[in-house]
Amino acid sequence: MPKVNIQLPPELRSFSDEEKLQVIEEIRKALKVSPTKTVEQEGRSMWDPSDDPLIAQLEDDFYAKLDTAAQQANAETVAVLDLPAEQLRKSNALDRFKAYVKKFRERLSALNHKVKRKNPAEVLQQIDDIWRKRTKPLSRLAEKYIVRSALAARLRVEAEERGIDLPEDVIDKLPVTITAAEKEPFPFTLWDKQEQIEIVALSPAEISAMEHAVLSAAEKIGQISDSHRAGVKQLVIQSMKERWGADKLSQALFDVYSIQNRDWRRVAITELAMATNDAYIAGLREGDVVKVPIVPGACKHCQRLLEGETFIVSQTPQEDGKKYVWPGKSNIGRTAANWWACVPLHPHCRHRWIRSFQKGGERN
């Protein structure tokens, strides 16, 4: 293909992501190019709920906590910089965003906060302080939701063996720390008609899987928080260099929030999926056989590597990754061409392990 030198107007650099996508779409139409599938279109949307109602409940709650912190940080930035919010373009999240901006303005007014001219370094430091304050508690959320998702998986193993259904309110009764989950015996009971079933203590493999999942989620949340904070500061620097008006910067901050919103949804789904599936495998017996249910709209990679296949459970890594699955098995650091069977197979994957049949011995 010959090289083409396309000169785009400089003002495109300050467009929101949504506006840039509209420009790309117009160019595509002008060139009469057929639309291509995006990564998300290749599989189920990350906005679809999990097929497991217990995990769906945890996903929504975890995501809501992460998203609220980002929305508040952006809104407080708008308020502290004395930017307008009345002219923002409409979206589903706009009303709540404006309500946060109003609340922060009122708080600043009550504190007799006066906007004054500041040098760029002072402005950036103030924004940095806002974002650190809002996102610092998020990593601590990881333990609560990871522990509960892992224990929900452990309960699913027990319920499957006994042929009973888990109650809808089981999530709210589960421990929120690893320390509580380690108590002897496991601090939760199920009722099978008139019989009370007490679940045995978690195995070392189950505790280890839970600990690693908490560390992974906390680290990922920290990375995303740092990235968001840096992105907002860079946006403010750009607005200073290009002398944006207040309306434009306010809209740009809101547009950035829409991207952050997707990041938080993705991390909530992916980290909980890793935790619950690792916990499920860790709760099975060595030699048990597992598969994944067919998921409508699954991506081509999941169809190729997971659906219709069965795998043998091992509690330790094996050389034959096509035959065995074990706690902690993932595709992190692998290219799509070298992926092997694991769940989740990729970010916001919607598959989960279930037992095909049981042939193992005692749990380790």
Side-chain angles (χ1 to χ4, degrees), residues 16-18 21 38-41 43-50 52 54-78 88 91-101 103-104 127-128 130-150 152 171 176 213-235 251-277 330 332 344 346-350:
S16 68
D17 285 348
E18 181 180 351
L21 288 173
T38 63
V39 173
E40 187 164 319
Q41 287 174 326
R44 286 180 62 182
S45 169
M46 65 180 171
W47 301 105
D48 291 339
S50 169
D52 184 334
L54 299 183
I55 299 304
Q57 178 183 341
L58 284 165
E59 283 178 358
D60 289 345
D61 196 23
F62 193 18
Y63 156 70
K65 294 283 195 306
L66 298 170
D67 178 60
T68 295
Q71 198 171 59
Q72 289 180 337
N74 279 288
E76 188 172 4
T77 301
V78 168
L88 293 175
S91 84
N92 293 335
L94 184 56
D95 290 342
R96 191 166 64 133
F97 186 81
K98 286 184 176 179
Y100 282 137
V101 173
K103 181 183 74 172
F104 292 131
I127 294 171
D128 190 86
I130 290 170
W131 278 83
R132 287 185 185 278
K133 177 186 67 177
R134 293 285 169 193
T135 59
K136 184 177 180 180
L138 296 183
S139 292
R140 294 197 296 272
L141 282 176
E143 184 171 19
K144 172 182 177 179
Y145 290 98
I146 293 299
V147 166
R148 284 189 161 180
S149 66
I171 291 296
V176 297
V214 170
L215 289 174
S216 172
E219 180 63 23
K220 192 64 177 179
I221 289 171
Q223 290 174 1
I224 293 177
S225 297
D226 290 343
S227 176
H228 288 176
R229 185 177 73 253
V232 168
K233 289 166 66 176
Q234 188 59 46
L235 185 64
Q251 183 66 58
L253 286 169
F254 181 70
D255 291 339
V256 162
Y257 157 70
S258 68
I259 300 173
Q260 297 166 351
N261 170 269
R262 296 171 65 82
D263 284 345
W264 288 131
R265 179 69 178 177
R266 185 178 293 107
V267 75
I269 290 173
T270 305
E271 294 302 318
L272 291 185
M274 292 176 69
T276 192
N277 282 287
S330 76
I332 296 174
H346 53 77
H348 61 84
C349 174
R350 285 308 195 180

> Distance check, rounded to the nearest 0.5 Å: Q251 atom CD versus L253 atom CG?
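Q251 CD to L253 CG: 9.5 Å, rounded to 0.5 Å.
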> Hey, could you give me the CD1/OG distance between I332 and S216, rounded to the nearest 0.5 Å?
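The distance works out to 5.5 Å.
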> Can you tell me how far OG1 of T68 sits from CG of L138, rounded to the nearest 0.5 angstrom?
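Reported to 0.5 Å precision, the distance equals 10.0 Å.
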> Rounded to the nearest 0.5 Å, how far apart are CD1 of I269 and OH of Y63?
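Rounded to the nearest 0.5 Å, the CD1-OH separation comes out at 9.5 Å.
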> Can you list everything that forms a side chain to side chain donor-acceptor pair (under 3.5 Å) with E76? Sequence neighbours excluded, please.
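Applying side chain to side chain donor-acceptor pair (under 3.5 Å) to E76 gives K133, R134.
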> Does the distance from a Lys or Arg side-chain N to an Asp or Glu carboxylate O, for R229 and D226, drop under 4.0 Å?
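A salt bridge is present here (some side-chain N lies under 4.0 Å from a carboxylate O).
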> Are the side chains of I221 and W264 in contact, using a 4.5 Å heavy-atom criterion?
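Of all side-chain heavy-atom pairs linking I221 with W264, at least one is under 4.5 Å.
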> Assess the residue pair V78 and Y100 against the criterion (side-chain contact (heavy atoms from CB on, under 4.5 Å)); give the C-alpha distance rounded to whole Å, side-chain angles, the decisive distance to 0.1 Å, and a yes or no.
CA-CA 10 Å; V78 168; Y100 282 137; over 6 Å; no
> Considering residues at least two apart in sequence or located in another chain, which fulfil the salt bridge (Lys or Arg N to Asp or Glu O under 4.0 Å) criterion with K233?
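Salt bridge (Lys or Arg N to Asp or Glu O under 4.0 Å) list for K233, sorted by chain: D128.
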> Any non-hydrogen side-chain atom of F104 less than 4.5 Å from a side-chain atom of I130?
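They are not in side-chain contact.
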> Roughly how far, to the nearest 0.5 Å, is the CG atom of N277 from the OG atom of S330?
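Rounded to the nearest 0.5 Å, the OG-CG separation comes out at 12.0 Å.
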> Between P344 and C349, what is the shortest heavy-atom contact and its length?
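Heavy atoms only, the tightest pair is CB-CB, 3.5 Å.
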> Closest heavy-atom contact between T276 and S149?
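Heavy-atom minimum between the residues: OG1-O, 3.3 Å.
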> So, the side chain of N261 versus the backbone of Y257: is there a donor-acceptor pair under 3.5 Å, distance only?
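Not a single qualifying donor-acceptor pair exists.
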> For Q223, give me all partners under side-chain contact (heavy atoms from CB on, under 4.5 Å), at least two apart in sequence or on another chain.
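In terms of side-chain contact (heavy atoms from CB on, under 4.5 Å), with neighbours along the sequence ignored, Q223 is linked to E219, K220.
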> Any non-hydrogen side-chain atom of T77 less than 4.5 Å from a side-chain atom of W131?
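T77 reaches W131 side chain to side chain.
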> Please collect all salt bridge (Lys or Arg N to Asp or Glu O under 4.0 Å) contacts where either partner lies in residues 137-147, sequence neighbours excluded, each pair once.
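Sorted pair list comes back empty.
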> Run the side-chain contact (heavy atoms from CB on, under 4.5 Å) check on L235 and V232 step by step: do they pass?
CA-CA 5 Å; L235 185 64; V232 168; 5.5 Å; no
> Determine whether F254 and L94 make a side-chain contact, defined as any pair of heavy atoms from C-beta on separated by less than 4.5 Å.
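Contact flag for F254/L94 side chains = yes.
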> Taking all non-hydrogen atoms of both residues into account, name the closest pair between A218 and A142 and its distance.
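In this case the closest contact between A218 and A142 is N-CB, 3.8 Å.
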> In chain order, what residues pass the side chain to side chain donor-acceptor pair (under 3.5 Å) check against D263, with sequence neighbours excluded?
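With sequence neighbours excluded, D263 shows a side chain to side chain donor-acceptor pair (under 3.5 Å) to H228, R266, given in chain and number order.
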> Find out whether R262 and W47 are in side-chain contact, i.e. whether some heavy atom of one side chain is under 4.5 Å from a heavy atom of the other.
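Yes. Closest side-chain heavy atoms under 4.5 Å.
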> Ignoring hydrogens and geometry, is there a side-chain-to-backbone donor-acceptor pair from T270 to H348 under 3.5 Å?
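Between the backbone of H348 and the side chain of T270 there is a qualifying donor-acceptor contact (under 3.5 Å).
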> Name all pairs fulfilling the salt bridge (Lys or Arg N to Asp or Glu O under 4.0 Å) condition that reach into residues 54-68, sequence neighbours left out, sorted by first residue then second.
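Found E59-R350, D60-R265, D61-K65, D67-R96.
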> Less than 4.5 Å apart, any side-chain heavy atom of L58 and any of I55?
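Side-chain contact under 4.5 Å: yes.
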> Please report the C-alpha distance between Y145 and R148 in whole Å, then the side-chain angles of each, then the deciding distance to 0.1 Å, and finally whether the side-chain contact (heavy atoms from CB on, under 4.5 Å) criterion is met.
CA-CA 5 Å; Y145 290 98; R148 284 189 161 180; 5.9 Å; no
